[in-house]
Amino acid sequence: MSALCLAVNPLVALLEAEKRFGTLIADQLHPRFVYFSSYKEIHGAVLLGRYLEGTAEKKAANAKPATPAEPESGVLESGERLDKRETIDNLFFLAGIEPQQLQGLRGKIGQLGQYLRRASRKLTDAIQPTWLGESRISAEVEFGDDILRVKIADIGPDGTRIREQLLQRRSQGFRWYFSFHVNFTAETQRGNLKEAILLLDEPGLHLHPAQQSGVLEVMRQLSTRNQLLYSTHSPFMIGAFDLGSLFVVEPSSVAPAAQVSESFWDADPNTILPILHALGAQQLRPVRDPSLARALPPVVVLEGETDALYLKTVNCVFRAECERDTKRPVLDVEFFGTKGAPKIGPCARLHSKMGHRVVAVYDNEPDARRHAKELRESGMPEGSVLHIEVEAKPECDIEDMFGEGRYLKAVNEVYRPLLRSARFTPVTTTDLKRVRGADPSLIRIVPAIERIWAEHATDGWGAFSKGKVCEHLCVSLLEDARFEDRIAERFEGLFKRINDAAAKQVGPPSAESPPPSEAGPLPDEPGRS
């Protein structure tokens, strides 16, 4: 009998140790996933005495997660809906309000006013940067008759507060944005969701497309503390195109389940329709048979619309010079201007997958070089990924190809009449040398000019628009119909590299290209350049 006990006791101890080890992994080591299919709303009305008393009703509301279907905490005689304890905690955290201290300031008008102004500034500073509405906003916290209220005002061009309303009188979209921002920002900092992996189902679904970009910025801020995974059908909610950041979910062809893939360019066109629109789907060619794509002109993918407009303009001037017996390389291509270096790779891979000859042209700066390296390593044809080059410049954009003198001339011609009332002074090469002396990283001309504009923010210069300068410079190039030799040589070199890269891709379509039956419909084709 004793021998049996000796044999059993180690087994019991082992099982208990295993159980404790499992508990340790589950509680402390295993990642904690928190899924959200609905989002708590903040109404902006708090009955402070009732909150502090911690009534049974409040405790019950705090004991389980609030959902839209749950009974409301209460309604004031005015019809205002009162907030629940968990959302009140988040609001107080973000505004820096200590409820006991606030209660103690009742009757102390001066101190109370100062306290509320400080809370209002803190709340405004938190939500203002990611609000992308037509006007800036300001939050104001008021307290009287034991009721704390949040009001939101739009800020007019002259800085005055207009259209001031209770938070719960604002639009549903604004209330959703405000609640999402306050709740998640607070809960990821004060412990409830600290270090949790957040699974968000269709965030920002009912927001204006412009404000969906603001929610993306909130989520980027949250991602510094938490890992986020979210689903969306909106092209405006796609914030990153790097490998490992964007996945598609579609039915599996081999099992009764969904399959997830980061190679979204391989997915069904209907599945990736939001991605195509985010990339500029109207520019993708509707070619169903990849074998036909090789017969079309190559696609040149660029960082932006201004890059495309510059190259189209230079191409027109070069064609005109060829008609006057001046030999210039010209491009028989279609230009595709994206919205930044991160989008060049997805656009290039999508076109390549459809069988097109593709040349990707990046600016020449650290972030662009990183994205270009990723594209080369993804299997793009050798030599099809290029950079803008300007002699003796370790970093350059397409604007640098025109030289400082020609580009500054265009800048000053555009802004002299526009900023006449703002005491505009022409920008010179001396100004460029000055800002570069203070910050040697400003090698490229556009960032250097943006720094000069920032120095004149209080003079009313506003934001520098390279798009306006691009349009003006392109018009003047077409009117002159000629280039200085040095500028012409730079673009000749770029055009030759583009033509050489496209010429290397004259073979049959890649074996990885889908057969005609799988290359589904795409949006309308634009006009050729």
Side-chain angles (χ1 to χ4, degrees), residues 38-109 112-128 131 133 137-154 161-187 190 192 206-207:
S38 60
Y39 302 90
K40 298 174 291 190
E41 183 175 346
I42 295 176
H43 306 298
V46 179
L47 202 56
L48 190 62
R50 187 174 167 189
Y51 170 82
L52 291 172
E53 289 170 3
T55 61
E57 181 183 0
K58 292 287 184 175
K59 292 179 180 178
N62 192 46
K64 57 181 179 178
T67 66
E70 201 173 55
E72 296 177 9
S73 306
V75 179
L76 297 174
E77 291 183 2
S78 62
E80 296 172 66
R81 300 168 66 185
L82 290 170
D83 285 305
K84 298 178 180 179
R85 178 172 294 272
E86 57 187 338
T87 58
I88 296 172
D89 290 341
N90 294 333
L91 179 62
F92 285 177
F93 177 86
L94 210 62
I97 293 175
E98 171 51 53
Q100 292 281 5
Q101 185 179 3
L102 178 60
Q103 184 81 308
L105 292 176
R106 296 178 65 175
K108 302 175 182 179
I109 298 177
L112 178 61
Q114 185 178 12
Y115 188 87
L116 293 174
R117 285 192 294 273
R118 185 167 60 247
S120 300
R121 284 196 301 271
K122 189 168 183 179
L123 191 56
T124 299
D125 291 344
I127 64 174
Q128 171 62 58
W131 173 248
I137 56 173
S138 173
E140 182 174 353
V141 180
E142 295 183 347
F143 182 56
D145 296 328
D146 200 40
I147 302 171
L148 180 141
R149 292 181 172 91
V150 176
K151 288 185 175 180
I152 303 294
D154 296 307
R161 295 168 62 88
I162 56 178
R163 292 187 293 275
E164 187 173 56
Q165 295 174 300
L166 292 171
L167 172 61
Q168 54 191 280
R169 301 284 189 264
R170 300 286 294 205
S171 67
Q172 181 183 0
F174 181 86
R175 296 198 312 270
W176 189 96
Y177 151 77
F178 182 93
S179 303
F180 181 90
H181 194 327
V182 172
N183 285 327
F184 278 96
T185 301
E187 291 183 23
R190 64 185 188 89
N192 298 23
H206 303 295
L207 290 178

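Phe93 places none of its side-chain heavy atoms less than 4.5 Å from the side chain of Thr185. Contact check for Leu82 versus Arg50: side-chain heavy atoms found under the 4.5 Å cut-off. Within the 4.5 Å cutoff, the side chain of Lys122 has no heavy atoms near those of the Arg118 side chain. At a threshold of 4.5 Å between non-hydrogen side-chain atoms, the residues Ile137 and Ile127 count as touching. Counting heavy atoms from C-beta outward, Arg175 and Ile42 have side chains that stay 4.5 Å or more apart. Between Leu116 and Leu102 the shortest side-chain heavy-atom distance falls below 4.5 Å. Under the 4.5 Å side-chain criterion, counting only non-hydrogen atoms from C-beta, Ser179 is not in contact with Thr87. Phe174 places none of its side-chain heavy atoms less than 4.5 Å from the side chain of Gln165.
Note: Tyr177 and Tyr39 fail the aromatic proximity criterion, with ring centroids not under 6.0 Å apart. Aromatic rings of Trp131 and Phe178 (six-membered ring for Trp) have centroids beyond the 6.0 Å cut-off, not under it.
In summary, Arg161 and Glu164 engage in a salt bridge, as defined by a charged side-chain N under 4.0 Å from a carboxylate O. Salt bridge Lys40/Glu187: present, at least one basic N to carboxylate O contact under 4.0 Å.
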*Dump the intermediate steps for side chain to side chain contact (heavy atoms under 4.5 Å, CB included) on Tyr115 and Lys108, then the final yes or no.*
CA-CA 10 Å; Tyr115 188 87; Lys108 302 175 182 179; over 6 Å; no
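To the nearest 0.5 angstrom, Leu112 atom CG is 10.5 Å from Gln103 atom CD. Rounding to the nearest 0.5 Å gives a distance of 4.0 Å between CZ of Arg81 and NE2 of His43. Note that CG of Leu105 is 11.0 Å distant from CD of Glu98, once rounded to the nearest 0.5 Å.
Nearest heavy atoms, Leu207 versus Gly173: CD2-O, 3.0 Å. Closest non-hydrogen pair, Ala95 versus Leu123, comes out as CB-CB, 4.4 Å. Leu52 and Pro99 get closest at one heavy-atom pair: CD2-CB, 3.8 Å. Across all their heavy atoms, Arg85 and Tyr51 have their closest contact at NH2-O, 2.6 Å.
Listed for the Asp83 side chain is a donor-acceptor partner under 3.5 Å among the backbone atoms of Ala45. Checking side-chain atoms of Ser120 against main-chain N and O of Val141 turns up a donor-acceptor pair under 3.5 Å. Side-chain N or O atoms of His181 include none that pairs as donor or acceptor with a backbone N or O of Trp176 at under 3.5 Å.
The number of heavy atoms from other shown groups lying within 6.0 Å of CD (Gln100) does not exceed 12.
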Which side-chain N or O atoms in residues 145-152 pair as donor and acceptor under 3.5 Å with protein atoms at least two apart or in another chain?
unit_1 : atom_1 : unit_2 : atom_2 : d
Asp146 : OD1    : Gly49  : N      : 3.1
Asp146 : OD2    : Gly49  : N      : 3.0
Arg149 : NE     : Glu80  : OE1    : 2.9
Arg149 : NE     : Glu80  : OE2    : 3.2
Arg149 : NH2    : Glu80  : OE2    : 3.0
Lys151 : NZ     : Glu142 : OE2    : 3.4

